[in-house]
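Here is the structure we will look at, set down as structure tokens.
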There are 2 protein chains.
Amino acid sequence: MVDTEPRPATGTASEAVTAPTASCSIAATLEVVGDRWTVLILRDVFRGVRRFAQLQADLGIARNMLADRLSRLVEHGVLERVPYQTRPVRCEYRLTAKGADLSTALIALMGWGDRWYAAEGVPTILVHETCGTPVEQHVRCPHCDETVNPGRIRSRPGPGRSSV
Amino acid sequence: MVDTEPRPATGTASEAVTAPTASCSIAATLEVVGDRWTVLILRDVFRGVRRFAQLQADLGIARNMLADRLSRLVEHGVLERVPYQTRPVRCEYRLTAKGADLSTALIALMGWGDRWYAAEGVPTILVHETCGTPVEQHVRCPHCDETVNPGRIRSRPGPGRSSV
DNA sequence: GGGAGTCGGTTTCGATTTGCAACCAGCCGA
DNA sequence: TCGGCTGGTTGCAAATCGAAACCGACTCCC
């Protein structure tokens, strides 16, 4: 996942890509979850913490921040509010399909922390439900049917690249 | 990657895990790269943008922010300063092994953006160097030798879990 | 009926962080 | 000597964050 060539100081026209969302899916993702608290909230929701008070207590986040981040996540379709009682109506926050699809990213972040900051052993292990074996995250080539290590990945402009 | 049970309002002692870094590798990771600009800087460095001025122009980040984030990344051993000329000595920023190991996470973030925000087609395609096929990111079970989809992942406390 | 408690917020306001712009240091080349 | 380039630092206004107080809807209990 590396462009090996040092870039000339004045970028070539074809590669003068800037941060704007449209031109980079990483930027697009960060637009939605590019915030420390947001990621931690999602981590908690993945772990089954779904209610306002629980999240607040677990994270130690300020209540106004939490309210803001939650409504933003709902707006973006990452979480949805699901009533769990009436009178008064109270809602909990659940992952949508879009939100659940962030698991890959959370697993990746967790993996890096595990590898570089878990000298005392990892805090959490993710295992295969059916056999209990710890799972691993890889990049694969469907054609060669093999694991591709990072040095063997190249990036190319795709069809959605706004070639300004 | 889900605890399916709703958590009781008063968490059980064994699972009263809070945000602090030690108890969660995601929090540990965010401590280092839990910032929008930091991630974008890393994305650029992965793409071969390594010099201060280039990064600043490409990202549109404020110069003081950039200086701060870069020195923080160097402190954390994610980037290293490598001189590219003498008189005056000027350095560029390169990924360390630890930094390069973030590729998995960046690929995951990019993948999510691709899946949910690239209606017009993806801006960038990652391909297998040797055959040019677009690669995919998966979670695998080394024992069963198969891809595990997210619903089949369970989390368990690991040896490093600070059981307070 | 009244008072306390729960849950999910909103408001307020001081502290921190951000971002723009100006400035600076070291060196080059004309 | 006069810009110009690169890689910063400094100052200051504006936006964001965070702690704490407050609020509304409802329940429970006396």
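Chain letters run A, B, ... following the sequence lines, proteins first and then strands; every chain starts at 1. Being a predicted model, the structure only gives us computed values, none of them experimental.
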> How close or far is atom C1' of C/dT18 from atom CG of B/Leu59, stated in whole angstroms?
Replying inline: 15 Å
>> Can you tell me whether the side chain of B/Arg63 and the base of C/dG19 have a donor-acceptor pair closer than 3.5 Å?
In response: no
>> Nearest whole Å is fine: how far is C/dG9 P from A/Leu55 CG?
In response: 10 Å
>> Among D/dG8, D/dG7, C/dC27, which nucleotide has an atom closest to any side-chain atom of B/Pro88?
In response: C/dC27
> What integer distance in Å separates A/Gln54:CD from C/dG8:C1'?
Replying inline: 12 Å
> Would B/Arg50 and B/Asp44 pass as an ion pair if we require N to O under 4.0 Å?
Replying inline: no
>> A side-chain contact here means heavy atoms from C-beta on lying under 4.5 Å apart; do A/Cys144 and B/His128 qualify?
In response: yes
> Just checking A/Arg90: base, sugar-phosphate only, or nothing, at a heavy-atom cut-off of under 4.0 Å?
Replying inline: base
> Which heavy atom of A/Leu42 sits nearest a heavy atom of A/Val33, and at what distance?
Replying inline: CD1-CG1, 3.7 Å
> Going by atom types alone, do A/Arg47 and B/Ser155 pair a side-chain donor with an acceptor below 3.5 Å?
Replying inline: no
> How would you label the contact of B/Arg87 with the nucleic acid (heavy atoms, under 4.0 Å): base, sugar-phosphate, or nothing?
Replying inline: sugar-phosphate
> Are A/Glu129 and B/Arg154 close enough, and set up right, to give a salt bridge (Lys or Arg N to Asp or Glu O under 4.0 Å), and what steps lead you there?
Replying inline: CA-CA 6 Å; A/Glu129 181 181 51; B/Arg154 290 285 164 268; 3.0 Å; yes
> How many Å lie between CZ on B/Phe52 and P on D/dG7, as a whole number?
Replying inline: 8 Å
> Which residues in residues 65-79 of chain B have at least one heavy atom lying under 4.0 Å from any atom of DNA chain D?
Replying inline: B/Ala67
> Roughly how many Å is it from CG in B/Asn64 to P in D/dA15, rounded to a whole number?
Replying inline: 17 Å
> Does A/Trp37 have a side-chain nitrogen or oxygen under 4.0 Å from the phosphate oxygens OP1 or OP2 of D/dC17?
Replying inline: no
>> If you only use heavy atoms from C-beta on, which nucleotide in D/dA19, D/dC17, D/dA21 is closest to the side chain of A/Asp35?
In response: D/dC17
>> Whole angstroms only, please: what is the CD-C1' distance between A/Gln56 and C/dT10?
In response: 14 Å
> Between A/Asp35 and A/Arg69, is there a side-chain N and carboxylate O pair less than 4.0 Å apart?
Replying inline: yes
>> Can you measure B/Ile41 atom CD1 to D/dG7 atom C1' for me and round it to whole angstrom units?
In response: 14 Å
>> Please report the distance, rounded to the nearest Å, between OH in B/Tyr84 and P in D/dC5.
In response: 13 Å
>> Out of the candidates B/Arg81, B/Arg51, B/Glu80, only one should pair with B/Tyr93 under the side-chain hydrogen bond (donor to acceptor under 3.5 Å, both in side chains) rule; please name it.
In response: B/Arg81
